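Accompanying notes for the structure given below.
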Amino acid sequence: MFVYPKRYDVIVVGGGHAGTEAALAAARMGCQTLLLTMNLDTIGQMSCNPAIGGIAKGHLVREIDALGGEMARNTDMTGLQFRMLNTKKGPSVWAPRAQCDKKAYQFRLKYVCERQQNLDCYQAQTIKLLTDDGMAFGVETSMEIQFHGTTVVITTGTFLRGLMHVGFQRQEGGRAGEAAATTLSGSLHEIGLELGRLKTGTPPRLNRRSIDFSQMEIQPGDEPVPYFTNWQDDLFHMEHSDASADGAHHRYPPGSVLHQIRGQLPCYLTATTQRTAEFIRANLDKSPLYAGKIKGIGPRYCPSIEDKIVRFADKPSHQIFLEPEGVATEEIYANGFSTSLPFEVQIELVRTICGCERAEILRPAYAVEYDYVFPTQLYPSLETKVCRNLYLAGQINGTSGYEEAGGQGIMAGINAARRVRSQNPIILRRDQAYIGVLIDDLVTKGTTEPYRMFTSRAEYRLILRQDNADQRLAELGHDVGLLPERHYQQYLRKWQIIASELERLEHTRFGSLTLAQILRRPEVVYRDLPSVTPGLSEEVVRQIEITLKYAGYIDRQEEEVEKFRKLEDKAIPEDFDYVRIPGMKTESRLKLQQIRPRTLGQAGRISGVSPADVSLLMVWLRRNGMQEVDSE
């Protein structure tokens with residue numbers, strides 16, 4: 001057995017969206033970091049739709065960016081089309097979404113990782129976790145190489161005992177064309193982690209030249225482009241110095257895909273037909289899902305087309321979005337048409353879609369089953385309870401989606417780095433970030449199906465808007481040493497401008513009213529005011545309008561947050577013995593013993609723990625001297 005001569009502070013296993021954010025975060029915080037992945041060419045690979053953001057997911061990306069992560073910037077540089085969703089509704093549910101060039105996204109992220117100071121990238125398959133006396137100290141690869149380190153972050157995605165299904169044909173793999181990680185699950189089980197089985201799927205990729213787009217509704221991108229990153233000045237001026245003579249650089253970041261192609265690519269909306277439903281019903285016996293061949297539980301909110309037809313039998317059609325996979329490929333992603341039916345069935349099935357009557361499949365759809373760890377076995381820091389210095393992030397914790405993975409990855413990387421420095425972990429609150437909601441839901445409630453983030457999961461979504469992610473998290477990102485100083489200074493300047501203009505509006509009168517009172521009227525926008533400050537960006541103007549128009553709602557929600565914090569700030573000792581509390585229901589006692597909540601607030605969110613038992617716990621703790629949670 002060969003022990004690699006360099007010892008690392010943080011070892012990250014897996015090069016997907018969780019792994020890259022974890023590795024970059026730890027390295028940028030000054031830790032000697034190793035990123036281990038089975039194939040260096042697939043760092044940041046977008047296994048499913050090459051899209052970032054969407055409802056609630058866009059919030060997560062903006063938060064990753066505010067903390068100092070990479071996902072937003074990588075999206076802005078490689079996006080093909082950008083849209084802001086839900087703009088006809090209130091600002092709390094506005095959400096940016098981008099269709100990316102799959103290969104450009106992947107290769108730029110690889111480039112970023114390879115150039116990152118303090119980060120080594122190495123191609124190897126991890127087969128074993130190394131532990132001693134309940135503490136992780138490294139990993140072993142299939143080539144019998146051991147890498148030793150202080151902390152380990154595992155982000156294996158769908159690769160743990162991955163099994164792909166196309167009809168009744170099965171093949172081991174975490175994604176088409178790539179092998180599964182077949183032995184690491186056993187290593188995790190040996191240290192005491194309980195694993196389950198989940199399933200996800202992907203639709204076929206179609207040949208653009210075989211599709212009749214004239215029968216479909218075109219979906220253009222938004223102009224001006226609603227970029228993801230909070231640091232757009234940096235995006236436009238720091239990435240590259242080249243500029244085109246035609247002026248395109250004024251709208252699109254130099255070096256970005258949009259800059260290269262001089263504009264956004266369209267997507268297209270079409271739909272299934274009655275023939276689609278009839279054909280699926282006639283072939284359900286060939287579906288591995290309905291034949292019981294797939295044991296893993298699939299995502300409720302992203303069902304296969306078979307599921308849609310069966311569960312919504314009265315619906316005449318289902319929307320399908322045809323989206324480009326890149327500028328250098330003819331592949332089109334059929335969003336909403338996930339299936340695991342046999343390839344020969346898929347060929348005819350695709351041709352029942354409007355405009356796809358002659359469509360050709362370049363890559364068949366498939367379903368993939370994989371192992372995951374029940375996330376209630378984690379602390380809110382994402383460290384496992386059974387093994388010190390071992391952190392898990394991404395789909396291994398039961399989530400779906402690049403954005404959920406990235407949010408967990410950056411927090412696991414931050415907390416692994418802070419463990420190296422003997423510092424307390426950073427725990428984001430539910431009123432502070434969607435990332436906080438995501439992690440709290442996982443470690444408190446657990447999940448038995450792929451978890452997807454929605455705005456409805458957040459109690460305080462009016463103050464957790466995508467447009468104020470920097471206000472909520474930039475200072476924290478800077479304080480932990482992740483957000484660069486130049487970005488922090490941009491953040492300070494922006495909010496100083498906003499505060500100054502709000503002050504002016506509150507004290508400038510026009511007739512009997514102040515400008516602030518006028519702007520609070522629903523029909524009035526900032527540019528309608530009789531006196532405006534020239535040169536303010538659209539982003540600043542939007543913040544001013546939201547602050548004034550929604551002031552009453554925001555104030556009420558902040559009052560609710562203060563009440564919420566009274567419970568969140570009341571700590572429960574980690575070794576607390578719940579058997580000591582007389583009168584507590586057995587189910588509550590068992591759940592509390594299993595999850596070991598940090599606070600009374602978290603205890604109240606555990607499924608099966610009644611409000612009465614939380615009250616009993618509160619009284620017992622008060623009698624014994626209740627403590628406040630350390631903010632770090």
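Just so it is clear, the structure is predicted and the values come from calculations on it, not from any experiment.
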For [X], give me all partners under side-chain contact (heavy atoms from CB on, under 4.5 Å), at least two apart in sequence or on another chain.
X      : answer
Pro288 : His165, Phe168, Lys293, Ile294, Ser340
Thr183 : Ile127
Thr547 : Leu502

Next item on the list: Could you walk me through whether Thr158 and Gln395 pass the side-chain hydrogen bond (donor to acceptor under 3.5 Å, both in side chains) test, one step at a time?
Entry: CA-CA 7 Å; Thr158 61; Gln395 285 180 277; 5.1 Å; no
Is any side-chain heavy atom of [X] less than 4.5 Å from a side-chain heavy atom of [Y]?
X      : Y      : value
Asp133 : Met135 : no
Leu60  : Glu63  : yes
Tyr553 : Gln557 : no

Next item on the list: With sequence neighbours excluded, give me every side chain to side chain donor-acceptor pair (under 3.5 Å) pair touching residues 400-414.
Entry: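 Listed by first then second residue: Lys57-Glu403, Lys57-Glu404, Asn397-Gln408, Thr399-Gln408.
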Check: Under 3.5 Å, is there a donor-acceptor pair linking the side chains of Asn415 and Arg419?
Finding: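 No, no side-chain donor-acceptor pair sits under 3.5 Å.
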Which donor-acceptor pairs under 3.5 Å do the side chains of residues 575-586 make with protein atoms, sequence neighbours left out?
from, atom 1, to, atom 2, distance (Å)
Asp577, OD1, Val579, N, 3.1

Check: Is the CZ atom of Arg197 crowded by more than 12 outside heavy atoms at less than 6.0 Å?
Finding: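 More than 12 within 6.0 Å, yes.
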Item checked: Results of ring-ring contact (aromatic ring centres under 6.0 Å, His included) for Phe321 - residues two or more places apart only ->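 ring-ring contact (aromatic ring centres under 6.0 Å, His included) check on Phe321 returns nothing, list empty.
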Note to self: Does the structure place the NZ or CZ of Arg457 under 6.0 Å from the centre of the six-membered ring of Tyr451, at an angle of no more than 45° from the ring's axis?
What the structure shows: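 That pair qualifies as a cation-pi contact.
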